[in-house]
Amino acid sequence: MKRAKETIDRVKKDIRQYWMAGVVFIVYYLIVRAIFDAFCPFLVVTGFPCAGCGLTRAGLHLLRGDISRAAALNPSIFLVALFFLYCGYFRYLKGTKVRGFSLALGALTAVTIVIYLYRMYLYFPDRAPYVYHKKNLLSEIAPWYRQAVDPVLKYFPFNRGEPK
C-alpha cells in the first residue's frame, strides 16, 4: 500500500510540475492544426514527413488495441511504447533515475530513423503518413522553395519505375 501511494505521489508531483507544458502543447496543437491541417513541426515547416509522423495516431490505435493499424501508421510505436514503459518503471515504480536512459533513447532514435528511411523509400509520397504537404511554411514564405521541391517530387517514388 505504501508503494502505491509513493507511485501516485510521484505522478501527482510530475503533473503539478509540468501542467503548463501540457497547456502549451494543446494550444500549439489547436493553432497549428487549424492553420496547416498538420501537427508535426517538421511537416509544418518543410512539407515533408518526419520519422515521428504518424506516431500519435499509431499510439491511439495501440491504446485501442488495433495493433495492425498502429503498425501500418508507424511501426516505431512499439519501440516508443516499450521506451515509455521502461522509463515509467524506473521513474514511478522504483522512484529512481532511468538506468541507461541515453543509450535507450539513442537506440530508439537510430532504429526509428532506419524504419523511417525504409518506409519513405517504399511509400513516399503516396501513402499516409508519408505524404508531402504543399501547404507548408517554407512554401508560403519562400516561393523558391516550392520551385525547388516540385521537380524533385516528380521522381518519387523511386521504386515504382518511371518518374511521375
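Everything quoted here is computed from the prediction, not taken from an experiment.
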Contacts under 3.5 angstrom, residues 47-61 side chains, donor-acceptor by atom type, not counting sequence neighbours:
none

Do Arg146 side-chain atoms and Ser139 backbone N/O form a donor-acceptor pair below 3.5 Å? no
Check the pair Asp14, Arg10 against salt bridge (Lys or Arg N to Asp or Glu O under 4.0 Å), reporting the backbone distance first and the verdict last. CA-CA 6 Å; Asp14 282 355; Arg10 283 191 281 275; over 6 Å; no
Are Tyr89 and Val98 linked, directly or through other ILVMFWY residues, by side chains that come within less than 4.5 angstrom of each other? yes
Answer yes or no: are there more than 12 heavy-atom neighbours, outside Arg99 itself, under 6.0 Å from its atom CZ? no
Report whether Ile67 and Leu63 are members of the same hydrophobic cluster (ILVMFWY, side-chain heavy atoms less than 4.5 Å apart, transitive linking). no
State the NZ-NZ distance between Lys5 and Lys12, to the nearest 0.5 angstrom. 7.0 Å
Shared hydrophobic cluster for Trp144 and Tyr132 (ILVMFWY, side-chain gaps under 4.5 Å): yes
Closest non-hydrogen atom pair, Tyr28 against Cys40: OH-C, 3.9 Å
Same cluster for Ile35 and Phe42 if Ile/Leu/Val/Met/Phe/Trp/Tyr side chains link at under 4.5 Å? yes
Closest contact, heavy atoms only, Phe36 versus Lys135: CD2-O, 3.7 Å
Taking all heavy atoms of Val44 and all of Ala38, pick out the closest pair and write down the distance. CG2-CB, 4.1 Å
Is the centre of the Tyr29 ring less than 6.0 Å from the centre of the Phe39 ring? yes
Find the distance between CG (Leu73) and CZ (Arg127) and round it off to the nearest 0.5 Å. 8.0 Å
Closest approach of Leu108 to Val80 (non-hydrogen atoms, all atoms of both residues): CD1-N, 3.8 Å
How long is the span from the CZ atom in Phe25 to the CE atom in Met20, to the nearest 0.5 Å? 15.5 Å
Counting neighbours of CZ on Phe78 that are heavy atoms of other residues, nucleotides or ligands and sit closer than 6.0 Å, is the number greater than 12? yes
What pairs meet the side chain to side chain donor-acceptor pair (under 3.5 Å) rule with one or both residues in residues 108-119, with sequence neighbours excluded? Arg119-Tyr130
Please report the shortest heavy-atom distance between Ala104 and Phe83, naming the atom on each side. CB-CE1, 3.9 Å
When every non-hydrogen atom of Leu43 is compared with those of His133, the smallest separation belongs to CD1-CD2, 3.4 Å
Does some side-chain heavy atom of Val45 sit less than 4.5 Å from a side-chain heavy atom of Leu138? yes
Is any side-chain heavy atom of Lys97 closer than 4.5 Å to a side-chain heavy atom of Phe90? no
Could you grab the distance from atom CG of Leu82 to atom CD1 of Ile77, nearest 0.5 Å is fine? 10.0 Å
Taking atom types as modelled, find out whether Asn136 and Tyr145 have a side-chain donor-acceptor pair closer than 3.5 angstrom. no
